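Count residues from 1 along the sequence. Both backbone and side-chain heavy atoms feed into the values below; hydrogens, waters and symmetry mates do not. Computed from a predicted structure; not experimentally measured.
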Amino acid sequence: MRFAKLSLIVLILLAVLVPAASAQENGAGLTIGFSQIGSESAWRTAFTEAVQAEAEARGINLLFSDAQQSQENQIAAMRAWLAQGDVDAIVLAPVIESGWDDVLQEAADAGVPVIIVDRNVDSDPSLYVTRVSSDFVHEGRLAAAWLAAATSGNCNIVELYGTVGSAAAEDRHTGFSQVIDLFSNMTIIQSETGNFVRTEGKAVMESILSSEDPANICAVFAHNDDMAIGAIEAIKEAGLVPAQDILVVSVDAIPDIFDSMDAGETNATVELSPFMGGPAFDAVVATLNGEELPKWIPVGGGLYTSRAAYDADH
Ligand code: GZL
């Protein structure tokens, strides 16, 4: 009888003292709210699908919200999860940098950790655990460095801007400008937002081709591949040869841009990995386990001028 009681006490102590490591290791059993910007580009869709697949593989209950590029919708989704009290953590892909202080403070007050993914927020870093993202400034620098080499530092550039106020657009512009400013004959002659959307990229390029002498345009720098593909359509419809009459460089490395590359219609793309779900969920588990994390967890990517080079790296 005494042995039975002792065994029961040991079992209870083990259950209390030894955490269910497997459940905590990969996040299995957690409920995580994922506030996604929308589905404005092929990369965004790939990012969503990668996060959802990662959650399913880990046994994480993912509450998904597509904000259709509205910050108001993102904040509303986060507040609903906090009000219901049914999320262990929130993963936020912020559409623009500003306007997050209040909802991030509300999450902190509720003891719900927030992981920022992809774009950035300008809130105090104490209001979120960490940010998983690429380095947008570096992406802009890579694109400009390639263009400077391809044109020997002589190029009038059309810039297709992403969503104004988003870290991705602002920082890519910053990095791109830092490099072209090193060359007195490299100039951005027109810059207009296409909001990361393919159809808007085409419309902006059509407008610029009708207002600017095409012979005066050396290259297009598009903040994402979708706008570049739209611009390529406009360039062809204007009777010009993309990647030759007008060079094209962009960011994301989506499958469609390599189809354009295979067709000789674009020159270069900078990779942006959509696989940020894993590092984000690892950060959730780590913070729930009381671990300290750096405020930035980088995901990398290089510049590619051929599918073969990209495939060799993946
Ligand atoms: C950048 C990301 C951008 C992509 C676009 O990390 O936020 O948003 O480059 C997407 O394709 O719309």
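Legend: salt bridge (Lys or Arg N to Asp or Glu O under 4.0 Å) pairs involving residues 153-165, not counting sequence neighbours: none detected. Listed by first and then second residue, the ring pair (Phe, Tyr, Trp, His ring centres under 6.0 Å) pairs involving residues 143-163 are Tyr161-His173, Tyr161-His223 (not counting sequence neighbours). The salt bridge (Lys or Arg N to Asp or Glu O under 4.0 Å) analysis of residues 221-230, with sequence neighbours excluded, yields the pairs Arg198-Asp226. Among pairs with a residue in residues 248-296, those fulfilling ring pair (Phe, Tyr, Trp, His ring centres under 6.0 Å) read Phe258-Tyr310, at least two apart in sequence or across chains. Evaluation of the salt bridge (Lys or Arg N to Asp or Glu O under 4.0 Å) test over residues 290-308, restricted to residues two or more places apart or in two chains, returns Asp259-Arg307, Asp262-Arg307.
Residues passing the ring-ring contact (aromatic ring centres under 6.0 Å, His included) test with Phe64, sequence neighbours excluded: Phe34. In this structure, the ring-ring contact (aromatic ring centres under 6.0 Å, His included) partners of Phe176, at least two apart in sequence or on a different chain, are Phe221. For Asp88, the side chain to side chain contact (heavy atoms under 4.5 Å, CB included) test picks out Leu30, Thr31, Leu288, with sequence neighbours left out. Under the rule for a side chain to side chain contact (heavy atoms under 4.5 Å, CB included), the partners of Arg141 that lie at least two apart in sequence or sit in another chain are Val137, Gln178, Val179. The side chain to side chain contact (heavy atoms under 4.5 Å, CB included) check on Met276 picks up Trp43, Phe47, Asp118, Val132, Leu272, Val299, with sequence neighbours excluded. Remark: Ala263 engages Glu265 in a side chain to side chain contact (heavy atoms under 4.5 Å, CB included) (not counting sequence neighbours).
Note that the CZ atom of Arg79 and the OG atom of Ser35 stand 12.0 Å from one another [nearest 0.5 Å].
Other residues sharing the hydrophobic cluster of Val158, ordered by chain and number and joined by side-chain separations under 4.5 Å: Leu160, Ile189, Phe196, Val204, Met205, Ile208, Leu209, Ile217, Val220, Met227, Ile232, Ile235, Leu240, Ile246, Val248.
The shortest heavy-atom contact between Leu142 and Gly301 is CD1-O, 4.0 Å.
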Chi angles and distances behind the side-chain contact (heavy atoms from CB on, under 4.5 Å) call for Thr266, Met261: CA-CA 5 Å; Thr266 193; Met261 221 171 266; 4.0 Å; yes

Might you work through the side-chain contact (heavy atoms from CB on, under 4.5 Å) test for Ile229 and Ser260, ending with a clear yes or no? CA-CA 8 Å; Ile229 291 167; Ser260 301; 4.0 Å; yes

Given side-chain contact (heavy atoms from CB on, under 4.5 Å), test Arg58 with Asp282 step by step and report yes or no. CA-CA 10 Å; Arg58 290 172 176 241; Asp282 288 343; 2.8 Å; yes

